[in-house]
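Every chain is numbered from 1, with letters handed out A, B, ... down the list of sequences.
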There are 2 protein chains.
Amino acid sequence: MTSPATSTVPRRTQAERRESTQTRLLDATLACLIESGYAGATTAKIESRASASRGARLHYFPTKAALVSAAVAHLFEGIAARYDRAMSEVAPDANRFRAGLRLLADTFAEPAHAAVLELFVAARTDPELREQLRETSARLHQLVRMRANEYFPNLARREASGLLEAIQATLSGLALRSFVFGETKNQDQVLDLIEHMIETTFDAPGSTRRNVDG
Amino acid sequence: MTSPATSTVPRRTQAERRESTQTRLLDATLACLIESGYAGATTAKIESRASASRGARLHYFPTKAALVSAAVAHLFEGIAARYDRAMSEVAPDANRFRAGLRLLADTFAEPAHAAVLELFVAARTDPELREQLRETSARLHQLVRMRANEYFPNLARREASGLLEAIQATLSGLALRSFVFGETKNQDQVLDLIEHMIETTFDAPGSTRRNVDG
DNA sequence: CGGTAAACAGACCGGCTGGACGGTTTGTAG
DNA sequence: CTACAAACCGTCCAGCCGGTCTGTTTACCG
């Protein structure tokens, strides 16, 4: 752009280089987290995977905590975006509650959630990381709640208060087992069951509410 | 026993010393796991907490993996025993399903379960530990299922198939959040809700079953 | 252009972790 | 009471992890 390409190097601008290196480092951090766990995600591995030098990483993230913190934000940003997009793509004619539940289950099942799991468990014994996660996870939770209220307004009623938390807990628990042992055979069965239970509870004639669907 | 107590030392037998040291090491391993997480549970910390020397630990557990493996068995043994005892103490006159659920929730909330969590997550990226856990956790799961079938036979019916897994997943997910952030305020609310949902689903007049209670 | 600062590179070091290993104490059998 | 084995002790060492630091390249501004 600013000068003729005298060499094979594309001659990127500073902002481009900066952005590229940072993103590579953050993505590499998450990949290592998923692949090797929190303890196994050493700075050397991350730098190597990101094709960045020790100095480069240090230039942007002076400490490992800073790197991981930034990666957390990066991760939740991606999860929120994907979740948001998936929710808005739910077919309006189909059983929306069912579709929404499956979509949520899918986001909990994707590999990126393994990184969330690693970070949560690591945060249990790391105050600094915990505070970082508390804030970021609260934001994500609020997004989920907003979307849920928007798509399934009846879930916001007090009779169903705690239902969203219960669903998240269940999906989180299912994800834990599947991540460790790769057991997915019971997953659909369990999903069908809780779906059935929710519909029975909140659609029953004698119940306080008519329908969980929006 | 074999000789007069010439000194203040109780003069323990070999088997006693052996048992004592091993138990101290295993308990210390679990305590460190709960307190510092898997990565933070170093052999030095464990030895120090167990008041055992490096050599003593090495004598019984040649490697850290051996120590952790033994600790896993020790842990699940304890959990199973406590769980078993708690289940058998459920008052037969009270609402047994409700009591059983609360009891199960309690076992998931106790600190020992934090060690389970650490081990599960560590096992995700450690094949050796994973195999060790798979077997042990399958045994525990089977115990829970047996007790559940024994106390609440209606849960074993096919209409409720997967309910036990769903409950375990939910409690596990709730425990995760509470261990990291210490949030317990929503816990009772969620418990009430799923209890209500289960009763509504399986006690409803139009339902296939009458009562979840035994 | 030329100079400055940002982006990047890699050698170096302190600290820690876990294992090996020779030596010491304690229990028990003959 | 003595000899052997099990239980136990603590130092040493190789390897790794993460951070500091000095040097080099690249982009941008005047």
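When the side-chain nitrogen and oxygen atoms of His59(B) are compared with OP1 and OP2 of dA7(D), one or more of them lie within a distance under 4.0 Å. OP1 and OP2 of dA6(C) both lie 4.0 Å or more from every side-chain N or O belonging to Tyr60(A). Taking side-chain N and O atoms only, Thr63(A) has a distance below 4.0 Å to OP1 or OP2 of dG19(D). Using a 4.0 Å cut-off, no side-chain N or O of Thr43(B) falls inside it from OP1 or OP2 of dT17(C).
Look at CD on Glu16(B): it is 13 Å from P on dA7(D), rounded to the nearest Å. Between Arg24(B) atom CZ and dA7(D) atom C1' the separation is 12 Å, expressed in whole Å. Here the P atom of nucleotide dG19(D) and the CG atom of Leu67(A) are 9 Å apart, to the nearest Å. Between Gln22(B) atom CD and dA6(D) atom P there is a gap of 14 Å when expressed in whole angstrom units. Between Ile46(B) atom CD1 and dG18(C) atom P there is a gap of 8 Å when expressed in whole angstrom units. Taking atom OH of Tyr38(B) as the reference point, atom C1' of dT17(C) lies 13 Å away to the nearest angstrom. Glu47(A) has its CD atom 11 Å from the P atom of dA9(C), to the nearest Å. The separation between Arg57(B) atom CZ and dT17(C) atom P is 13 Å, rounded to whole Å.
Positionally, the nearest nucleotide of DNA chain D for Ala39(A) lies more toward the 5' end than for the other of Gly55(A) and Ala39(A). Where Leu58(B) and Arg17(A) each meet DNA chain C at their nearest nucleotide, the meeting point lying more 5' is that of Arg17(A).
Closest to the side chain of Arg18(B), out of dT20(D), dC28(D), dA6(D), is dA6(D). Between dA9(C), dC28(D), dA7(C), one nucleotide has an atom nearer to the side chain of Ala56(A) than all others, and that is dA9(C). When distances are taken from the side chain of Thr42(A) to each of dC17(D), dA7(C), dG18(C), the shortest belongs to dC17(D). Closest contact between the side chain of Arg54(A) and the listed nucleotides dG10(D), dC28(D), dG10(C) involves dG10(C).
Ion pairing of Glu183(A) with Arg134(B) is absent here, as no side-chain N (NZ or NE/NH1/NH2) approaches a carboxylate O to less than 4.0 Å. Note on Glu165(B) versus Arg145(B): salt bridge recorded, some NZ/NE/NH1/NH2 to OD/OE distance being below 4.0 Å.
Put simply, the side chain of Arg130(B) does not reach to within 4.5 Å of the side chain of Arg124(B), judged on heavy atoms.
A distance of 10.0 Å separates CD1 of Ile167(A) from OG1 of Thr170(B), quoted to the nearest 0.5 Å.
A centroid separation of 6.0 Å or more is found between the aromatic rings of Phe179(A) and Phe108(A).
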